[in-house]
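One structure is given here, and the rest of the page talks about it.
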Amino acid sequence: MDLWFTEKHAPGVKLSIRVDRQLYSRQSEFQRIDVFESEEFGRFLTLDGYMMLTERDEFIYHEMIVHVPMAVHPKVRRVLVIGGGDGGAVRELIRYPEIERIDLVEIDEQVVTVCREHLPFTACGFDDPRVKLYFQDGLKFVRRQSEEYDLILVDSTDPFGPGEGLFTREFYGNCYKALKEDGIMVNQHESPFYAVDALAMQRAHKRIVKSFPISRVYQAHIPTYPSGHWLFGFASKEYHPLKDMDTKRWKERGIPTRYYNTKLHRGAFALPNYVEELLKNVEHID
Ligand code: SAM
């Protein structure tokens, strides 16, 4: 008998992955956590039935959320990751020796415990001495910070359940306050393709545009996310994601990547017309 994981991507669309075995399934205080193993995508983590990452394609998401801002900001010392309990963003960040401290604020400690046990390919950087874990609501954590961070990565779930607060105007305003005067915030920005995701993306974009002087959007191809077309938000106080990208400096670091490169960095900000239109439509709305 075949066992399949199925996620509804739109009212008339589902993605199914054949599962070899289920490695973990439990309800935490915040959400249901499942880990599966499959032939095509390797191990994968779902929260409340929504795909978070797979062994096969997680490198795309994690390289794009980390290396894009790192190729722009000239001196990142302190980083805040909100969410990201799988550890993939931390794994990419610890490749940079100039980073002195990484604070990871994850609401659900159980996610980190489960990932340490079942997803060692992402949860491999938590023991780096520069990493400090906080198990709290990211929304409350940023309220207390002021001019602390060079970079904030919002590596959250979708805008419902525990992740809802991480898409609010208040949260983005507090991230602005928590950043130093030349800080950058990058967030997972949902997808432009299916109507429900596009609406969430527009709502987030509208709020970020109101909170930061520079706000651009870039894209990546992530096969297991709805439609495979995913966006990231690049919000910044001073640095422009293209004009301030330093190709030479990034290449000199010699960081091995499978998706990110500096040519792709430039291309990722060139968006399809329909996406540009969705973004423009909300930029001037109060
Ligand atoms: N890469 C994934 C994606 O794009 O869907 C997200 C990865 S990560 C597993 C998302 C994490 O955000 C989850 O572990 C979840 O517990 C955490 N999270 C959700 N709401 C949060 C909040 N308010 N504060 C801190 N962490 C939160």
Side-chain angles (χ1 to χ4, degrees), residues 7 9 15 24 26-36 41 43-66 80-93 103-119 121-123 125-126 132-145 152-168 170-172 174-175 178 186-191 197 200-201 204 218-233 259:
E7 181 183 328
H9 281 185
L15 173 80
Y24 184 89
R26 210 155 294 165
Q27 179 72 34
S28 74
E29 191 188 336
F30 301 96
Q31 53 212 341
R32 175 164 163 197
I33 306 173
D34 290 286
V35 180
F36 301 94
F41 285 98
R43 293 188 173 192
F44 61 94
L45 168 75
T46 67
L47 296 178
D48 285 337
Y50 292 98
M51 180 63 79
M52 289 295 119
L53 67 94
T54 81
E55 190 168 358
R56 177 87 184 276
D57 67 357
E58 59 81 14
F59 69 101
I60 304 171
Y61 179 94
H62 294 121
E63 288 185 15
M64 289 302 276
I65 202 168
V66 169
L80 171 64
V81 181
I82 294 177
D86 52 77
V90 166
R91 179 195 66 205
E92 295 304 313
L93 285 166
D103 292 338
L104 180 121
V105 182
E106 162 62 61
I107 202 166
D108 193 346
E109 184 169 4
Q110 194 62 19
V111 172
V112 173
T113 307
V114 169
C115 292
R116 275 187 192 270
E117 186 177 343
H118 296 290
L119 308 180
F121 51 90
T122 53
F126 291 134
K132 189 155 172 32
L133 304 180
Y134 297 85
F135 296 111
Q136 343 177 342
D137 187 341
L139 181 67
K140 292 188 183 143
F141 184 91
V142 285
R143 271 188 203 140
R144 301 190 297 271
Q145 311 300 320
I152 297 179
L153 301 180
V154 189
D155 185 4
S156 66
T157 43
D158 297 316
F160 38 80
E164 199 173 346
L166 306 182
F167 288 79
T168 58
E170 186 217 337
F171 173 70
Y172 298 130
N174 284 327
C175 285
V186 170
N187 68 307
Q188 76 89 351
H189 211 67
E190 299 293 306
S191 169
D197 302 324
M201 178 278 278
Y218 62 100
Q219 60 187 356
H221 169 237
I222 302 176
T224 53
Y225 284 178
S227 85
H229 185 188
W230 211 255
L231 302 176
F232 295 89
Y259 192 83

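Whatever order the structure lists ligands and atoms in, that order sets their numbers, starting from 1. Just so it is clear, the structure is predicted and the values come from calculations on it, not from any experiment.
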Check: Val142 main-chain N/O paired with Asn174 side-chain donor or acceptor under 3.5 Å: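 No; zero donor-acceptor contacts below 3.5 Å.
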Counting only N and O atoms by type, is there a donor-acceptor contact under 3.5 Å from the side chain of Arg91 to the main-chain atoms of Phe121? yes
Close aromatic pair by centroid cut-off 6.0 Å: Tyr61 and Phe232: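 Yes: the rings meet the under 6.0 Å criterion.
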Got the residues with a heavy atom under 4.0 Å of ligand 1, by chain and number?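 Protein residues near ligand 1 are Gln31, Leu47, Met52, Tyr61, Gly83, Gly84, Asp86, Val105, Glu106, Ile107, Asp108, Val111, Gln136, Asp137, Gly138, Asp155, Ser156, Thr157, Pro162, Gly163, Leu166, Tyr225.
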Within a reach of under 6.0 Å around CD of Gln27, are more than 12 heavy atoms found that belong to other residues, nucleotides or ligands? yes
As a quick check of understanding, evaluate side chain to side chain donor-acceptor pair (under 3.5 Å) for Thr54 and Thr224, giving each step before the final call. CA-CA 8 Å; Thr54 81; Thr224 53; 4.5 Å; no
Could you list the residues that satisfy ring pair (Phe, Tyr, Trp, His ring centres under 6.0 Å) with Tyr50, not counting sequence neighbours?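 Ring pair (Phe, Tyr, Trp, His ring centres under 6.0 Å) list for Tyr50, sorted by chain: Phe160.
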